[in-house]
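Everything quoted here is computed from the prediction, not taken from an experiment. Both backbone and side-chain heavy atoms feed into the values below; hydrogens, waters and symmetry mates do not.
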Amino acid sequence: MGRLLLLLISPYLYSLLISAVALPTKPEGYHKLRPGALFKIALFADLHFGEAESTDWGPLQDVNSTRVMSSVLDDENPDFVIYLGDVITANNIAIRNASLYWDQAVSPTRAKGIPWASVFGNHDDAAFEWPIEWFSAPGIPKIHCPVANSSCSGEEDCSFKGTQRLELMKNEIEQNALSYSQFGPNELWPSVSNYVLQVFSSENPKSPVAFLYFLDSGGGSYPEVISSAQAEWFQKKALEINPDSRVPEIIFWHIPSRAYKKVAPLFGIHKPCVGSINKEKVATQEAEMGIMKLLVERVSAKAVFVGHNHGLDWCCPYEKLWLCFARHTGYGGYGNWDRGARIVEITQQPFSIKSWIRMEDGSVHSEVVLSPFINRDKST
């Protein structure tokens with residue numbers, strides 16, 4: 001049995017088939033998978049690097065978040081990592097170049113030579129919020145760049161302008177050969193992280209095993225929505241590269257759609273839902289503008305994965321697909337629940353999608369088979 005590989009679908013090359021878009025600049029070994037035709041993805045959600053950077057507490061949380069990611073990567077040895085939004089807490093970062101914190105967030109994955117992709121969350125390019133304590137007796141503290149030898153050279157560079165989506169994405173892509181992230185089509189801006197990746201077999205690169213869709217669910221500098229334009233882009237792209245819905249599709253964005261609220265378990269988590277924490281109400285996007293209708297109508301759409309709610313980690317069926325939360329990975333952000341990461345594993349023959357949660361302490365729970373449509377809950 002051949003190995004699975006990963007390819008990029010460039011948003012700028014609509015007229016090309018997916019099998020024709022390769023990544024010649026990335027070393028081949030980085031996107032070939034282990035024998036056995038498995039493709040394992042680790043989802044790192046809501047890291048919130050740069051949270052409360054001006055305090056003693058804040059930088060320590062970044063150290064803790066790095067420890068969680070390193071632990072998960074050691075235990076799972078995934079083939080790919082997805083940063084599922086709120087990589088940084090931009091509204092707490094007092095310098096323009098928030099990419100310094102973004103670079104810290106991806107460093108555990110980069111250090112292990114694992115490729116990754118990212119989508120934006122509502123905190124990633126939020127406007128800086130002036131802390132009220134800065135106006136107390138000690139006054140406003142001096143502004144320092146958080147990393148030595150950074151690009152900040154003076155008052156203008158270390159200002160409060162923030163770093164917007166395009167600059168964050170530009171810095172990630174240009175500085176990291178292992179990044180598969182993309183800007184997305186210009187016509188979808190200010191939404192940025194909209195693109196598709198392909199998982200395929202090394203035996204037959206022209207026959208994709210799965211498509212991974214990434215969508216920017218907004219927040220920060222614009223409303224928390226997946227727009228009708230994004231929905232139309234998804235429909236056009238899906239019809240172009242997967243016209244007969246033969247290839248399974250898995251979708252990733254940050255803020256839950258309103259469909260999540262419809263299937264949310266009450267109180268505890270009971271079958272058919274699978275998970276371990278259900279400690280808050282679903283905080284949804286501001287409006288539903290068509291993406292869920294399209295997904296429900298596509299038999300090839302198997303599952304949606306989101307972050308945003310730190311106190312939820314369940315998967316629940318909705319129509320013929322699954323709606324899943326990741327696990328809060330970072331020590332930044334609200335909540336004191338134990339940290340971890342959702343793992344997604346794709347098997348080629350026979351095709352299946354299985355998921356579970358790997359905790360910081362190494363334990364595993366909430367295993368569920370998402371495709372074929374079967375419930376299986378194993379807790380260890």
Are a donor atom and an acceptor atom from the side chains of [X] and [Y] found within less than 3.5 Å of each other?
X: Thr89; Y: His48; answer: yes
X: Ser366; Y: Arg327; answer: no
X: Glu51; Y: Tyr331; answer: no
X: Glu172; Y: Ser179; answer: yes
X: Asn242; Y: Ser245; answer: no
X: Ser300; Y: Arg246; answer: no
X: Ser181; Y: Ser118; answer: yes
X: Tyr83; Y: Asp124; answer: no
X: Asp216; Y: Gln230; answer: no
X: Trp102; Y: Gln175; answer: no

Nearest heavy-atom neighbours spanning [X] and [Y]:
X: Pro265; Y: Asn278; value: O-ND2, 2.9 Å
X: Ile291; Y: Ala231; value: N-CB, 3.9 Å
X: Ile88; Y: Ala98; value: CD1-CB, 3.7 Å
X: Leu188; Y: Ala229; value: CD2-O, 3.5 Å
X: Leu197; Y: Ala117; value: CD1-CB, 4.2 Å
X: Gly332; Y: Arg339; value: O-NH2, 4.4 Å

Taking the side chain as every heavy atom from C-beta outward, state whether [X] and [Y] have any atom pair closer than 4.5 Å.
X: Ile269; Y: Val274; answer: no
X: Leu215; Y: Ile251; answer: yes
X: Trp314; Y: Ile277; answer: no
X: Phe234; Y: Leu294; answer: yes

Examine distances only and state if a side-chain atom of [X] and a backbone atom of [Y] form a donor-acceptor pair shorter than 3.5 Å.
X: Thr55; Y: Ala52; answer: yes
X: Ser221; Y: Asp125; answer: no
X: Gln285; Y: Ile226; answer: yes
X: Lys302; Y: Val299; answer: yes
X: Ser70; Y: Thr66; answer: yes
X: His310; Y: Tyr334; answer: yes
X: Asn91; Y: Ala126; answer: no
X: Gln164; Y: Leu168; answer: no

Selection residues 253-264 - residue pairs positive for side chain to side chain donor-acceptor pair (under 3.5 Å), sequence neighbours left out: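 Side chain to side chain donor-acceptor pair (under 3.5 Å) check on residues 253-264 returns Asp86-His254, Asn122-His254, His254-His308.
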same_hphob_cluster(Leu312, Ile255) at 4.5 Å side-chain heavy-atom cutoff: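 Looking at the clustering, Ile255 is in a separate group from Leu312.
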At what distance, to the nearest 0.5 angstrom, does [atom1] of [X] lie from [atom2] of [Y]?
X: Leu321; Y: Tyr318; atom1: CG; atom2: OH; answer: 8.0 Å
X: Ile357; Y: Phe325; atom1: CD1; atom2: CZ; answer: 11.5 Å
X: Glu345; Y: Glu76; atom1: CD; atom2: CD; answer: 8.5 Å
X: Asn176; Y: Glu174; atom1: CG; atom2: CD; answer: 10.5 Å
X: Asn64; Y: Met69; atom1: CG; atom2: CE; answer: 11.0 Å

Parallel, tilted or perpendicular: ring planes of Trp233 versus Tyr213, cut at 30 and 60 degrees: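 Ring orientation of Trp233 relative to Tyr213: perpendicular.
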Charged N-O contact under 4.0 Å between Glu297 and Lys293: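 Looking at Glu297 and Lys293, the cut-off is met.
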Pairs where residues 316-367 contributes a residue and the test disulfide (SG to SG under 2.5 Å) is met, not counting sequence neighbours: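 Found Cys273-Cys316, Cys315-Cys324.
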side-chain hydrogen bond (donor to acceptor under 3.5 Å, both in side chains) involving Asn309 - partner list, sequence neighbours excluded: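 Partners of Asn309 by the side-chain hydrogen bond (donor to acceptor under 3.5 Å, both in side chains) criterion, ordered by chain and then number, come out as Glu280.
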Step-by-step salt bridge (Lys or Arg N to Asp or Glu O under 4.0 Å) determination, Lys237 to Glu240: CA-CA 5 Å; Lys237 180 58 65 176; Glu240 175 190 336; 3.6 Å; yes
By salt bridge (charged side-chain N to carboxylate O under 4.0 Å, His left out) - contacts of Asp103 (at least two apart):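 With sequence neighbours excluded, Asp103 shows a salt bridge (charged side-chain N to carboxylate O under 4.0 Å, His left out) to Arg110, given in chain and number order.
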Residues which pass salt bridge (charged side-chain N to carboxylate O under 4.0 Å, His left out) with Arg298, listed by chain and number, not counting sequence neighbours: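 Arg298 satisfies salt bridge (charged side-chain N to carboxylate O under 4.0 Å, His left out) with Glu249 only.
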Derivation of the ring-ring contact (aromatic ring centres under 6.0 Å, His included) call for Tyr195 and Phe183: CA-CA 8 Å; Tyr195 55 98; Phe183 290 102; over 10 Å; no
Verdict with reasoning, Arg342 to Ser355, per side chain to side chain donor-acceptor pair (under 3.5 Å): CA-CA 7 Å; Arg342 178 168 291 283; Ser355 184; 2.8 Å; yes
Any residue meeting side-chain contact (heavy atoms from CB on, under 4.5 Å) with Asn336, in chain and number order, not counting sequence neighbours: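 Once residues adjacent in sequence are excluded, Asn336 has no partner under the side-chain contact (heavy atoms from CB on, under 4.5 Å) criterion.
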Heavy-atom neighbours of Asp56 CG exceed 12 at 6.0 Å: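 Not more than 12 within 6.0 Å, no.
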